[in-house]
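Naming: A, B, ... by sequence-line order, numbering from 1 per chain.
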2 protein chains.
Amino acid sequence: MAKRKWTTLTEAELRLMNVLWNKGEATVGEITRALPSKLNLAYNTVLTTMRILERKGYVRHSNSEQGRAFIYRPRVGRAHATRNAVRELLRRFFERSHESLVLNILQDEELDERQRQRIRDLLDRFDREPQ
Amino acid sequence: MAKRKWTTLTEAELRLMNVLWNKGEATVGEITRALPSKLNLAYNTVLTTMRILERKGYVRHSNSEQGRAFIYRPRVGRAHATRNAVRELLRRFFERSHESLVLNILQDEELDERQRQRIRDLLDRFDREPQ
DNA sequence: CTCCAACAACTAAACGATTAATATATGCCC
DNA sequence: GGGCATATATTAATCGTTTAGTTGTTGGAG
């Protein structure tokens with residue numbers, strides 16, 4: 001009942017998705033080896049998380065010919081996942097107001113004058129090339 | 001080891017913090033009654049979550065005089081919590097680039113021309129009144 | 001002073017995320 | 001085809017979140 005359809009990616013899940021988005025497709029072994037070695041995750045750890053991602057609809061696997069291992073592919077693009085995350089943030093903290101979020105970003109004291117200028121340029125460019 | 005200092009607010013925690021931010025201070029009972037009645041959370045549920053929030057450093061309680069119940073107060077402001085959430089999103093999905101996030105917001109197809117204009121106005125206003 | 005209602009402390013169950021050990025299957029080299 | 005390396009399946013331990021029951025404490029009404 002009232003189960004979220006999207007289910008935002010967790011930290012560990014996002015790590016695996018990044019590998020998959022970069023590679024386009026990969027086996028569990030390939031993903032495991034592609035992860036930062038400082039994490040040192042076991043093959044089975046990655047496998048379990050891949051199954052969770054599959055249950056959540058983020059990836060699918062094909063019982064590949066010419067090899068024993070399953071091949072996993074993203075079912076949701078990075079842009080789509082990103083947009084979901086932004087929408088989630090908007091819902092939680094900004095009452096869905098994009099403007100409030102932009103204002104917050106501009107007010108962040110870690111944002112210096114040069115970065116603000118770049119954002120302004122970005123807006124101008126977007127004006128000139130409407131989507 | 002390597003314990004997060006900030007620890008982003010969860011959904012249930014944020015609900016309680018919103019009440020506290022609005023009221024300035026409150027007892028557990030007051031918070032419980034202030035929550036949307038459709039949630040119908042038990043007093044003990046709220047109490048437990050308040051203790052977690054205290055452990056995380058988001059609230060503190062004072063052993064109040066003139067009353068039996070503890071009085072809880074925010075130790076972290078809404079703006080601060082919001083900024084942490086935005087930074088977390090930036091780290092996860094935008095490699096800490098504010099510009100990328102702004103671009104993403106502008107490209108969101110749910111954002112119409114009027115809303116874009118409002119964001120532009122916001123930027124202009126921010127230019128005229130530098131922080 | 002007694003007792004009830006409100007409160008706090010403790011405990012824990014249900015659940016998901018994260019991690020991994022163990023067990024089983026299978027392709028391939030020789 | 002026997003056995004090693006690699007894969008997948010099963011299982012579960014650990015932890016945090018969310019929810020709430022039970023028990024003990026206390027302040028105030030009468």
Euclidean distance, atom [atom1] of residue [X] to atom [atom2] of [N] [Å, nearest integer]:
X       : N      : atom1 : atom2 : result
B:Leu41 : D:dT17 : CG    : C1'   : 13 Å
B:Met50 : D:dA20 : CE    : P     : 17 Å
B:Leu14 : D:dG16 : CG    : P     : 21 Å
A:Met17 : C:dT18 : CE    : P     : 14 Å
A:Asn40 : C:dA20 : CG    : P     : 8 Å
A:Asn63 : C:dG27 : CG    : P     : 10 Å
A:Leu35 : C:dA20 : CG    : P     : 12 Å
A:Glu11 : D:dC15 : CD    : C1'   : 16 Å

- [ ] Please list, chain by chain and in numerical order, all residues satisfying salt bridge (charged side-chain N to carboxylate O under 4.0 Å, His left out) with A:Glu54, sequence neighbours excluded.
- [x]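 Here no residue qualifies.
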Open item on the list: So, using salt bridge (charged side-chain N to carboxylate O under 4.0 Å, His left out) as the criterion, who are the partners of A:Arg83 when residues are at least two apart?
Closed with: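 So A:Arg83 forms a salt bridge (charged side-chain N to carboxylate O under 4.0 Å, His left out) with B:Glu109.
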Would you tabulate the side-chain donor-acceptor contacts of residues 35-51 of chain A under 3.5 Å, counting partners in other chains and residues two or more places apart, or write 'none'?
unit_1: A:Thr48; atom_1: OG1; unit_2: A:Asn44; atom_2: O; d: 2.9
unit_1: A:Thr49; atom_1: OG1; unit_2: A:Thr45; atom_2: O; d: 3.0

Task: Residues that A:Gln115 engages under side chain to side chain donor-acceptor pair (under 3.5 Å), provided they are two or more places apart - done: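 For A:Gln115, no residue satisfies side chain to side chain donor-acceptor pair (under 3.5 Å) once neighbours in sequence are set aside.
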- [ ] Taking side chain to side chain donor-acceptor pair (under 3.5 Å) as the test, write out the residues that go with B:Glu25, two or more places apart.
- [x]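 If we apply the side chain to side chain donor-acceptor pair (under 3.5 Å) test to B:Glu25, skipping adjacent residues, the hits are B:Arg73.
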Open item on the list: Please check this pair: side chain of B:Asn22 against backbone of B:Asn18, looking for a donor-acceptor N/O pair closer than 3.5 Å.
Closed with: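 Answer holds: yes.
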TODO: Show your working on side chain to side chain donor-acceptor pair (under 3.5 Å) between B:Asp121 and B:Gln117 and close with a plain yes or no.
DONE: CA-CA 6 Å; B:Asp121 294 346; B:Gln117 184 56 49; 3.0 Å; yes
Open item on the list: Across nucleotides 6-12 of chain C, 5' to 3', mark each nucleotide with B, S or - according to how protein heavy atoms within less than 4.0 Å reach it.
Closed with: -SBBB--
- [ ] Pick base, sugar-phosphate or nothing for A:Thr10, based on heavy-atom distances below 4.0 Å to the nucleic acid.
- [x]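 Answer is sugar-phosphate: A:Thr10 comes under 4.0 Å of backbone atoms only.
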TODO: Report which part of the nucleic acid A:Ile52 touches: base, sugar-phosphate, or nothing (heavy-atom distance under 4.0 Å, all strands).
DONE: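 The residue A:Ile52 makes base contact.
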Task: B:Thr45 vs D:dA20: side-chain N/O to OP1/OP2 distance below 4.0 Å - done: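 It does, given that an N or O in the side chain of B:Thr45 lies less than 4.0 Å from OP1 or OP2 of D:dA20.
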